[in-house]
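By convention in this document, chain letters (A, B, ...) are assigned in the order of the sequence lines, proteins followed by strands, and residues within each chain are numbered from 1. Predicted model only: the values in this text are computed from it and were never measured.
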Protein chains: 2
Amino acid sequence: MSAVTSRSSELPFTLRQLQLFVAVAEAGSLTGAADQLLLSPTAVSLAIGHLEKALGETLFTRQRSRGVALTSTGRFVLDRARAVLHTADEFLQDTRVGPDRLTGAVTIGCFQSLGPTVLPILLSTFTERHPAVEISFVEGSQDELSQALEQGTIDVLVCYDFTLPAGSERARLGTRDPAVLLPGGHWAACDLDTPLDVTLLAAEPYILLATPVTEQHALKVLGTLGVEPEVRYRSTNIETVRSLVGRGLGWTLILQRPAPNRTYEGLPVVTRVLRGDAPPEVVVLAWRRNRPLSRVARALVEHARVVVPEAERRSDRVHDAAAPASVVEH
Amino acid sequence: MSAVTSRSSELPFTLRQLQLFVAVAEAGSLTGAADQLLLSPTAVSLAIGHLEKALGETLFTRQRSRGVALTSTGRFVLDRARAVLHTADEFLQDTRVGPDRLTGAVTIGCFQSLGPTVLPILLSTFTERHPAVEISFVEGSQDELSQALEQGTIDVLVCYDFTLPAGSERARLGTRDPAVLLPGGHWAACDLDTPLDVTLLAAEPYILLATPVTEQHALKVLGTLGVEPEVRYRSTNIETVRSLVGRGLGWTLILQRPAPNRTYEGLPVVTRVLRGDAPPEVVVLAWRRNRPLSRVARALVEHARVVVPEAERRSDRVHDAAAPASVVEH
DNA sequence: TAACATTACGGCTACCGTAACAATA
DNA sequence: TATTGTTACGGTAGCCGTAATGTTA
């Protein structure tokens, strides 16, 4: 509704006309400008004439064999014309590929639980590499994000490989090992470096992280290990789940292991990897196969493909250093 | 030589395309934008397609029956496109006639000796009336100024009517009475309110203001009064002439009477009007008959036609008040 | 079926170049 | 005569509209 009338109506002049006008003003003659622009004097003469008619003002006085001279209003218009052409140039520079500097915008969608571990490294290194690019992200549920990817609202999506719909291209970023989260004082909260047989926990109350994807994933993993958990509480907030576990109200299965072994309440929790056939889940950067990636998005994919796995390896070494006797296989 | 390559080459997009792009982004669909712009969806579709091809990026994702959605780079481009259209709008607003506010530029040429009395009143009142107009002036000799007027470098010219070349349109601004300038102690420096018979001065040395126009004018006026002056010194600087007179080195004929009755050296001088057939010279605002005046210049002429004569009348009343017994006829 | 985008085709206008003309130094 | 701007004319490309087609809710 914001009715800017001049936007709905046609502009009475052309960028081309302004271009030629400035060229003539700088050259001092139509012919000179025509030579520089590889045009015929005719084209230049007509363009200037049209612009003058459009504005209803005389821009140049014509001295037959001495070229042209700017009128007073011509000088006035010259300044403004330069301003318009300048923003048009800027538009082009920002929009098209520059020789050195990558410009544009890219929006990352990121599955909620992966945000804290993937987005920081991605944003910081990419911004450092391409400071002129406007990078932003959206966190959300799998549904929201795949819809946004479909709509083009986001360029790429950080998520687990197994959640990807058909028609997705992907780049592998890293893996997440499923693990059991236990309260600090639990009977199994010892020998943290040895895998745990989860069937021993089957009878104890289970705290379910109830977001659409994680819920099904946890139940499926436990199912393959022969466990049907006794769900006591459900929450869509991972920190609520951790806090409930910290209170000794149950145990849970998690893919994301925050560095601190404390809940928001300050209570201790521990993680133990699973014994048996529980494969690590693959984290990927995904995009629609049928839709061409923007230049900036392509750069982001190439960047992420290198930087994120490297960061994950460094992160694992930190984990290993914290648990030197670990037998966890990578 | 300042080679901005993008200026000499053609821009790969159109203001029209940006216009339609923004409209579609705001409407959310090609059809909606087409309706608002009174266009067919075809035109809009093609324009968007061309813009996308020109930039090499996809701006919208098309959801068949739900319109279109901006991509990430689409949002990026949208901001820049709005910026370009904004300056284009500004260009139009400044350049064409606005509904209320007059904008543009005008340059006044002014005959050197008329500057101090005409320009201040003209500039101050016109700026007050039209604050958005860029008004400027050039002072110079008759030759320089009429050439500038011919070239269009200046829009209008303040000068004496008798100096005007053929083909000039004019608006009367006021008059200047020729007068005799005498040193303070001169035998004729009394009875200032009675006209002076210049033939009585014919034998005394004359100081000639030797600028091209004033020189011939003074000699012509004195000739019609039967006086051929004894030229002792010549100067192109009016204040030098006044100082020489103040020193008692001679007398002169002037058209401009500065308010102070002292020379730069502080010596007293007096003016007396002529007795006989010495008509006042008419000061005019002139422009080329064959060249259309710009909007702003037209406004300036109309303004000057009213304001300057009024100011001259007020100035005369001040003179009269200073010399209440004057018999000078107006 | 309704809504929307796209493609195909024809008409119109704008832009460009060649050629001829006019005006000035 | 040489330089420059303008007009006349013809060709090409771009823009627009109508009609038909394809796709999705």
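Side-chain atoms of B/Thr71 and B/Thr58 form no donor-acceptor pair, as typed in the model, at a separation below 3.5 Å. Side-chain atoms of B/His217 and B/Glu281 form a donor-acceptor pair, as typed in the model, at a separation below 3.5 Å. Judged purely by distance below 3.5 Å, without hydrogens or angles, the side chains of B/Gln142 and B/Thr163 pair a donor atom with an acceptor atom. No hydrogens or angles considered: a donor-acceptor pair under 3.5 Å links the side chains of A/Thr211 and A/Thr214. For the residue pair B/Thr103 / B/Asp94, no side-chain donor-acceptor distance below 3.5 Å is found, with atom types taken as modelled. In summary, the side chains of B/Ser29 and B/Arg66 do not present any donor paired with an acceptor at a separation below 3.5 Å, with no hydrogens or angles considered.
Within the 3.5 Å criterion, the main-chain N or O of A/Phe91 finds no donor-acceptor partner in the side chain of B/Arg80.
Where DNA chain D meets chain A (any atom under 4.0 Å from a heavy atom), the bounding nucleotides read 5' to 3' are D/dT3 to D/dA8. Here chain A contacts DNA chain C (any atom closer than 4.0 Å to a heavy atom, that is under 4.0 Å), and the contacts span C/dC15 to C/dA25 from 5' to 3'.
Here B/Leu38 lies in heavy-atom contact (under 4.0 Å) with sugar-phosphate atoms only. Note on A/Thr31: only backbone sugar-phosphate atoms sit closer than 4.0 angstrom, heavy atoms only; bases stay farther off. Within 4.0 Å (heavy atoms only), B/Ser29 reaches sugar-phosphate atoms of the nucleic acid but no base atom.
Mapping A/Ser65 and A/Leu39 onto DNA chain C by nearest heavy atom places A/Leu39 at the nucleotide closer to the 5' end. Between A/Arg66 and B/Gln63, the residue anchored closer to the 5' end of DNA chain C is B/Gln63, taking for each the nucleotide with the nearest heavy atom.
Cation-pi geometry between B/Lys220 and B/Phe162 is met: under 6.0 angstrom from the ring centre, within 45 degrees of the axis.
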